[in-house]
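In this text, all values refer to a predicted model and were calculated from it rather than measured experimentally. Every chain is numbered from 1, with letters handed out A, B, ... down the list of sequences. Side chains are part of it too, since the values below use all heavy atoms of this structure and drop only hydrogens, waters and symmetry mates.
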There are 4 protein chains.
Amino acid sequence: MDAGEPKFRRRKADRPDEIVAAALAVFAEKGFAAAKLDEIARRAGVSKGALYLYFETKEDLFRAVVGRAIAPNIVLLKAMAAAHPGPFPDLVRGVARQIVGLVETAPMGGVLKMVVGEARNFPELARVWHDELVAHALGAMAGAVAAAQARGEVRPGDPRTYALQMIAPLLVGVLWRETFTPVGAPPFDLPSLMTQHLDTLLGGMLTEEARR
Amino acid sequence: MDAGEPKFRRRKADRPDEIVAAALAVFAEKGFAAAKLDEIARRAGVSKGALYLYFETKEDLFRAVVGRAIAPNIVLLKAMAAAHPGPFPDLVRGVARQIVGLVETAPMGGVLKMVVGEARNFPELARVWHDELVAHALGAMAGAVAAAQARGEVRPGDPRTYALQMIAPLLVGVLWRETFTPVGAPPFDLPSLMTQHLDTLLGGMLTEEARR
Amino acid sequence: MDAGEPKFRRRKADRPDEIVAAALAVFAEKGFAAAKLDEIARRAGVSKGALYLYFETKEDLFRAVVGRAIAPNIVLLKAMAAAHPGPFPDLVRGVARQIVGLVETAPMGGVLKMVVGEARNFPELARVWHDELVAHALGAMAGAVAAAQARGEVRPGDPRTYALQMIAPLLVGVLWRETFTPVGAPPFDLPSLMTQHLDTLLGGMLTEEARR
Amino acid sequence: MDAGEPKFRRRKADRPDEIVAAALAVFAEKGFAAAKLDEIARRAGVSKGALYLYFETKEDLFRAVVGRAIAPNIVLLKAMAAAHPGPFPDLVRGVARQIVGLVETAPMGGVLKMVVGEARNFPELARVWHDELVAHALGAMAGAVAAAQARGEVRPGDPRTYALQMIAPLLVGVLWRETFTPVGAPPFDLPSLMTQHLDTLLGGMLTEEARR
DNA sequence: CATGAATGAGCCTTCATTCAT
DNA sequence: TATGAATGAAGGCTCATTCAT
């Protein structure tokens with residue numbers, strides 16, 4: 001930018017993000033222990049030593065990667081908080097559209113694998129993910145369900161469980177894409193999957209009146 | 001030695017199974033790369049060298065672990081194949097009961113993590129799992145759905161997607177138990193979860209006539 | 001020993017000592033930081049990994065080396081404690097003979113360099129050396145001086161300082177041998193040095209009566 | 001720049017000396033290998049890169065440090081050369097006073113440690129120290145002893161050894177201060193130590209007539 | 001001259017694998 | 001078979017050195 005065109009030396013401020021992006025890719029693919037700093041450095045276009053200018057240790061880098069991967073998902077929380085107070089199905093479909101959009105753009109499969117796969121080795125990361133994102137999201141959706149129940153829109157049942165039911169097929173679809181599609185399994189089209197799922201599930205969740 | 005009580009000594013023939021069991025526990029907890037043969041040997045009650053009497057390499061052991069973990073799940077395929085040809089909901093609930101029973105007894109969470117987490121590092125294992133178990137199970141259930149649709153019991157929709165919808169919350173519940181419950185998150189009761197889910201989902205899947 | 005002659009595989013029990021001996025040589029020559037585990041392993045006739053069967057870290061090995069080097073010097077303390085209660089000069093010369101003997105056999109120069117050179121980096125080692133050996137030795141000799149003063153054998157003066165005066169030339173002679181002799185400086189013959197020094201020093205320390 | 005107060009800015013010409021001073025402190029404390037250029041640069045108040053404007057390598061800087069540390073000691077040689085040709089004890093005490101003065105002002109402990117501790121890794125430095133300083137000083141003192149012997153002031157004995165005997169306690173006292181005092185050992189007061197030592201030693205060195 | 005981000009060779013440490021017993 | 005001491009290749013991390021600015 002300065003002095004006309006991008007110099008072949010990248011600007012320092014971008015380095016950490018570039019490293020985190022490269023690290024995310026490698027950690028997601030290999031897992032923490034199997035990921036090699038050599039490969040992360042190579043993919044980030046820097047030397048191995050440069051990693052240590054920005055992160056203390058490999059674990060530190062991993063923490064940064066997993067921690068920062070929360071941010072893009074936070075938008076969902078805000079979207080849900082700002083969701084119009086209309087009929088329950090509209091809310092659900094609106095949120096679902098956002099999530100599907102996120103899944104299509106962000107490397108959610110890899111992040112999921114990282115969080116789930118390393119939860120035992122990095123419990124504090126699982127805790128952060130739960131406390132700062134998952135619990136909020138699940139709680140918000142459960143709250144919406146409970147409100148809909150109070151309005152007579154949704155049948156009785158545990159709201160938190162309803163929330164899990166709604167999102168689960170998408171998560172499994174993402175893991176499927178990550179796990180079985182690369183070895184030749186037929187993929188699931190996630191938007192279609194989600195559409196059919198919500199049609200079906202809402203069909204069973206809504207009361208007679210709400211369904212009409 | 002110990003000329004007294006030789007009967008209680010485990011027979012040598014059990015060694016491989018004991019090793020695989022110990023390895024399953026460690027691999028499930030740590031992942032492939034972070035698992036140490038020292039720990040596997042210790043948990044199996046044998047020396048490190050003994051592992052190599054039964055398995056060529058660490059990868060070999062891992063393959064054996066993941067491969068053998070298919071077997072307990074195969075019963076599901078047989079159960080589905082032998083399922084009575086009655087009404088669709090009965091079939092679904094019967095199968096679900098079996099799966100939930102399996103989930104309660106077998107370390108399915110750990111196995112899931114292994115298969116998903118190492119799919120990129122061991123693609124042939126993902127392939128085996130898909131080809132020998134997952135595809136069959138999903139296909140069988142999709143076939144049942146299609147048959148029910150043909151009989152007018154189930155509404156239109158992609159049968160394979162329906163199958164995924166049915167199982168997904170249970171899988172996510174298992175991963176939840178593995179990931180977030182250890183760090184203080186409230187657990188999901190899997191049988192209740194499955195009951196509520198099938199009630200809801202079938203409510204949306206079944207046609208008017210079938211639902212009556 | 002077993003089965004006739006020494007098998008080409010050395011017996012395990014000796015390994016730690018062999019490693020410590022090799023490490024002493026390398027640490028004494030290079031200092032802690034410049035010493036390479038590769039070289040220590042090579043000189044000990046084992047692989048680099050074998051070091052870690054007996055010592056946790058390089059620092060641990062260093063601590064073991066410096067710690068064990070105290071032992072051979074402890075004999076001096078015992079010799080001094082058991083010293084005959086005769087005239088002061090006899091005591092001094094007897095102890096000196098022991099020390100000179102030690103200096104000729106043990107690698108005292110290297111050990112001295114290690115303790116002094118790494119005192120700032122490993123203060124706990126300096127403390128151990130002082131508390132377990134040096135303070136005792138200096139104190140014992142100072143005690144003997146004080147007793148001799150009480151008996152009227154030695155002139156007034158600080159006993160601890162007298163003790164230092166007695167030993168200092170030998171220590172400097174050892175360091176000289178370590179430092180300047182290898183680059184062509186004329187050596188000092190330590191026994192002669194010590195003889196002349198004690199003759200001179202006692203000449204100045206003893207009272208008229210004692211000197212007679 | 002800083003058009004306001006340029007006068008207080010250190011002149012560039014001082015940089016090398018400032019760097020050498022900082023390096024001396026760090027090398028003396030840590031030893032060559034454990035010393036980090038980062039710390040030297042920080043203590044010198046310059047950037048790491050700036051070190052390379054004045055010194056080719058870390059070894060070069062070390063050589064400069066050790067080499068320049070000779071200079072302050074050279075004054076001793078001159079003092080001894082210019083020493084009045086009076087009685088031997090006066091000469092000795094005069095020189096001792098100079099040395100004690102030097103020890104109190106210059107970081108002689110650290111320098112000693114550097115020279116002794118790195119003699120094996122940098123033999124040429126040990127050689128320079130010996131050839132340019134130590135040999136001269138020891139030789140000068142030995143010469144004075146020999147002259148005094150010729151005058152009948154000093155008893156028979158190896159003059160070079162006598163010289164070593166005279167200086168050794170001070171050197172050991174310096175090393176003691178460097179090594180054991182920081183870990184709680186009682187210190188030696190070097191001037192008192194030297195006074196008592198010379199009183200004692202001269203008492204044994206001088207002939208009857210000279211002592212009178 | 002001066003800076004400090006970047007490099008990469010080198011070292012400590014780990015751990016799968018081997019092998020003498 | 002079984003052991004566990006020993007190996008050595010591999011990888012995380014450090015730090016002297018370089019170089020674009």
Side-chain angles (χ1 to χ4, degrees), chain A residues 2-3 7-13 15 33-41 44-61, chain B residues 12-13 15 32-42 45-62, chain C residues 2-3 7-13 15 33-41 44-61, chain D residues 1 11-13 15 32-42 45-62:
Chain A
D2 66 306
K7 257 336 177 22
F8 63 96
R9 194 70 150 208
R10 273 201 241 66
R11 51 275 137 192
K12 176 193 170 196
R15 277 287 154 83
K36 286 156 190 61
L37 290 186
D38 261 323
E39 185 175 359
I40 293 174
V46 301
S47 71
K48 212 175 2 164
L51 302 182
Y52 288 85
L53 296 175
Y54 302 100
F55 303 93
E56 302 261 335
T57 65
K58 185 187 182 186
E59 291 203 2
D60 243 47
L61 176 54
Chain B
K12 296 168 183 177
R15 277 284 157 84
F32 175 77
K36 290 165 189 64
L37 290 187
D38 260 322
E39 184 176 0
I40 293 174
R42 182 159 27 84
V46 301
S47 72
K48 205 170 20 159
L51 301 181
Y52 285 83
L53 298 174
Y54 302 101
F55 303 93
E56 300 266 332
T57 65
K58 184 187 183 186
E59 292 203 1
D60 245 45
L61 175 55
F62 184 66
Chain C
D2 65 307
K7 258 330 176 23
F8 62 97
R9 194 69 149 209
R10 274 201 241 64
R11 52 273 137 198
K12 177 193 170 196
R15 278 286 154 84
K36 286 155 191 59
L37 290 187
D38 260 322
E39 185 176 359
I40 294 174
V46 301
S47 70
K48 214 178 356 167
L51 302 181
Y52 287 85
L53 297 175
Y54 303 101
F55 303 94
E56 302 260 335
T57 63
K58 185 187 182 184
E59 291 203 2
D60 244 47
L61 176 54
Chain D
M1 241 127 305
R11 294 124 298 173
K12 296 170 183 177
R15 277 285 157 83
F32 175 76
K36 291 166 189 64
L37 290 187
D38 259 322
E39 184 175 0
I40 293 174
R42 184 158 27 82
V46 302
S47 71
K48 205 170 20 158
L51 301 182
Y52 285 84
L53 297 174
Y54 302 100
F55 303 92
E56 300 267 331
T57 66
K58 185 188 182 184
E59 291 203 2
D60 244 47
L61 175 55
F62 184 67

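Distance, B:Ile40 CD1 to E:dT17 P: 11 Å, rounded to whole Å. Between C:Glu39 atom CD and E:dG10 atom C1' there is a gap of 15 Å when expressed in whole angstrom units. Remark: C1' of E:dC15 and CG of C:Leu53 are 11 Å apart, rounded to the nearest angstrom. Here F:dG12 presents its P atom at 19 Å from CG of C:Leu37, a figure rounded to the nearest Å. The nearest whole Å value for the distance from the CZ atom in B:Phe55 to the P atom in F:dT1 is 13 Å. F:dT7 atom C1' lies 15 Å from atom OH of C:Tyr52, rounded to whole Å. Across the protein-nucleic acid pair, D:Lys58 atom NZ and E:dA9 atom P stand 19 Å apart, rounded to whole Å. Atom CG of B:Leu51 is separated from atom P of E:dC15 by 15 Å (rounded to the nearest Å).
Both A:Asp38 and D:Asp38 lie close to DNA chain F; mapped to their nearest nucleotides by heavy-atom distance, the more 5′-ward contact belongs to A:Asp38.
Taking each heavy atom of B:Ala34 and A:Ala33 in turn, the nearest pair found is N-CB, 3.8 Å.
Looking at heavy-atom distances under 4.0 Å, B:Ala35 makes contact with sugar-phosphate atoms alone, never a base.
With sequence neighbours excluded, the residues satisfying ring-ring contact (aromatic ring centres under 6.0 Å, His included) with D:Phe62 are D:Phe27, D:Phe32, D:Phe122. The side chain to side chain contact (heavy atoms under 4.5 Å, CB included) test applied to C:Tyr52 returns C:Leu37, not counting sequence neighbours.
Remark: C:Tyr54 is not in phosphate contact with F:dA5, judged by side-chain N or O atoms under 4.0 Å from OP1 or OP2.
Sorted by first then second residue, the salt bridge (charged side-chain N to carboxylate O under 4.0 Å, His left out) pairs that include residues 52-62 of chain B, not counting sequence neighbours, are B:Glu59-B:Arg63.
Taken to the nearest 0.5 Å, the OG1 atom of D:Thr57 stands 11.0 Å off from the CG atom of D:Leu51.
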Using atom names, set out every protein N or O paired with an N or O of nucleotides 8-10 of chain F below 3.5 Å, distance rounded to 0.1 Å.
none

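For DNA chain E, if you chain together Watson-Crick or G-U pairs that step i with j, i+1 with j-1 and so on, the runs of at least three with distances under 3.5 Å are E:2-21 with F:2-21.
Counting heavy atoms from C-beta on, the side chains of C:Leu53 and C:Val46 never come closer than 4.5 Å.
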